[in-house]
2 protein chains.
Amino acid sequence: MNIGTAAEQANLPPKTIRYYEEIGLVTPSRADNGYRDYSDKDVHRLRFLQRSRSLGFTIDECRHLLSLYDDKHRASADVKAMALEKVGEIDRKIAELQSLRDTLATLPRHCHGDGRPDCPIIDDLAGERASA
Amino acid sequence: MNIGTAAEQANLPPKTIRYYEEIGLVTPSRADNGYRDYSDKDVHRLRFLQRSRSLGFTIDECRHLLSLYDDKHRASADVKAMALEKVGEIDRKIAELQSLRDTLATLPRHCHGDGRPDCPIIDDLAGERASA
DNA sequence: ATAGGGCTTCCAGTCGCTGGAAGGTCAAGG
DNA sequence: CCTTGACCTTCCAGCGACTGGAAGCCCTAT
């Protein structure tokens, strides 16, 4: 199967698939004309990548997950630990964004927001008010 | 004032400050020995950048904010609109992460997480269960 | 005189793609 | 048989916002 078809089935752009090959995540065989030839197994791998990437795993984590996927004797504990660690990471990121949001949201509240030049937001950014 | 001192006062690494100069955000004068020489005004600008960056504005937005900061006749409406738009962006990002988190958090719940090789998380990533 | 720290420039790398150029291949239509 | 257009190939460059490192100058203290 050509890269375009594989791309459709894996829901990934061809460019990305070629990139994944470049960094050693998938290694399709080649047809006589030099075109990449994807097997169902390759596509399976690509879908695995698509899904784990979309869940926020980095490329290196995906590499690790794939090796666990290939390893018939893996311990499910390893995988579970990775998933839980990732959930923790996302939680931390959410909390960070939340506090960012709260800080940022206070700024416009003191700003009359009309054509006048004095602007409490700018003042705050410039540190002309008490602020972190 | 040398870059090291400016860096301390602005709470930014020297490398970052040089980078900001390279992209035209701050242009300190130079001492006779070729060292960058930061005025209080420069440091003020750097702090402005530090704060707006840490609030999640991109470099280009910071550039815009700085030009509003320099413009004594700016309309506060412009600034307010940027701040509100940014809050919306952050809200969207939080929501996205939240749904990501929810999806990801369901995976470990079905995984016994011991030394056995069968792992529902891997199965899910591989698409061997019904999943998006 | 020398040792150290800070400063300078420039180049390369990060992460995960994405865009574009230049050219080969293939299937369908005239 | 020829052309058109879609698809494929490779390679190189760029995104954002820095960060690390090398090579070398400058300044101060001992």
[atom1] of [X] versus [atom2] of [N]: gap in Å, rounded?
{"X": "E21(A)", "N": "dT18(C)", "atom1": "CD", "atom2": "C1'", "answer": "17 Å"}
{"X": "I17(A)", "N": "dC8(D)", "atom1": "CD1", "atom2": "C1'", "answer": "13 Å"}
{"X": "L12(A)", "N": "dT18(C)", "atom1": "CG", "atom2": "C1'", "answer": "14 Å"}
{"X": "N2(B)", "N": "dC25(D)", "atom1": "CG", "atom2": "C1'", "answer": "14 Å"}
{"X": "E22(A)", "N": "dA13(D)", "atom1": "CD", "atom2": "P", "answer": "14 Å"}

Those residues at least two apart in sequence (or on a different chain) that pass side-chain contact (heavy atoms from CB on, under 4.5 Å) with L97(A) are L100(A), I90(B), K93(B), I94(B), L97(B)
Sequence neighbours excluded, which residues qualify as side-chain contact (heavy atoms from CB on, under 4.5 Å) partners of N11(B)?
Q50(B)
Distance check: side-chain N/O of R18(A) vs OP1/OP2 of dT10(D), anything under 4.0 Å?
no
Is the distance from OP1 or OP2 of dT8(C) to the nearest side-chain N or O of R36(B) less than 4.0 Å?
yes
Between its two end axes (five pairs each) the helix from dA1(C)-dT30(D) to dG30(C)-dC1(D) turns, nearest 10 degrees, through 30°
Is any side-chain heavy atom of [Y] closer than 4.5 Å to one of [X]?
{"X": "K72(A)", "Y": "P117(B)", "result": "no"}
{"X": "L125(A)", "Y": "L55(B)", "result": "yes"}
{"X": "F48(A)", "Y": "D124(B)", "result": "no"}

For residues 25-34 of chain B, which residues have at least one heavy atom under 4.0 Å from DNA chain C?
R30(B), G34(B)
Return the residues of residues 98-105 of chain B meeting this criterion: a heavy atom under 4.0 Å from some atom of DNA chain C. Order them by number, or give none.
none
Which residues pass the salt bridge (Lys or Arg N to Asp or Glu O under 4.0 Å) test with E85(B), not counting sequence neighbours?
R92(B)
Under the rule for side chain to side chain donor-acceptor pair (under 3.5 Å), what residues qualify as partners of R116(A), not counting sequence neighbours?
D114(A)
Suppose we screen for side chain to side chain donor-acceptor pair (under 3.5 Å). Which residues come up paired with K80(B), at least two apart in sequence or across chains?
none
Treating Ile, Leu, Val, Met, Phe, Trp and Tyr as nodes and any side-chain heavy-atom pair under 4.5 angstrom as an edge, say whether [X] and [Y] lie in one connected cluster.
{"X": "L25(A)", "Y": "I3(A)", "value": "yes"}
{"X": "M1(B)", "Y": "I17(B)", "value": "yes"}
{"X": "Y19(A)", "Y": "L46(A)", "value": "yes"}

Pick the closest DNA chain C nucleotide for Y35(A) and for T5(B) by heavy atoms, then say which residue is nearer the 5' end.
T5(B)
Residues 35-48 of chain A vs side chain to side chain donor-acceptor pair (under 3.5 Å), sequence neighbours excluded, gives E21(A)-R36(A), S39(A)-D42(A), H44(A)-Y69(A), R45(A)-D70(A)
Can you tell me which residue pairs pass the side chain to side chain donor-acceptor pair (under 3.5 Å) test with a partner in residues 94-103 of chain A, sequence neighbours excluded?
R101(A)-D91(B)
For nucleotides 14-21 of chain D, print each protein N/O atom paired with a nucleotide N/O atom at under 3.5 Å, atom names and distance only.
unit_1, atom_1, unit_2, atom_2, d
dA17(D), OP2, I59(B), N, 3.4
dA17(D), O3', R53(B), NH2, 3.4
dC18(D), OP2, Y20(B), OH, 2.7
dC18(D), OP2, R53(B), NE, 2.8
dT19(D), OP2, T16(B), OG1, 3.1
dG20(D), N7, K15(B), NZ, 3.1
dG20(D), O6, K15(B), NZ, 2.9
dG21(D), O6, K15(B), NZ, 2.2

Considering only residues two or more places apart or on different chains, which pairs with a residue in residues 55-69 of chain B satisfy salt bridge (Lys or Arg N to Asp or Glu O under 4.0 Å)?
D60(B)-R63(B), E61(B)-K86(B)
Report which part of the nucleic acid I23(A) touches: base, sugar-phosphate, or nothing (heavy-atom distance under 4.0 Å, all strands).
nothing
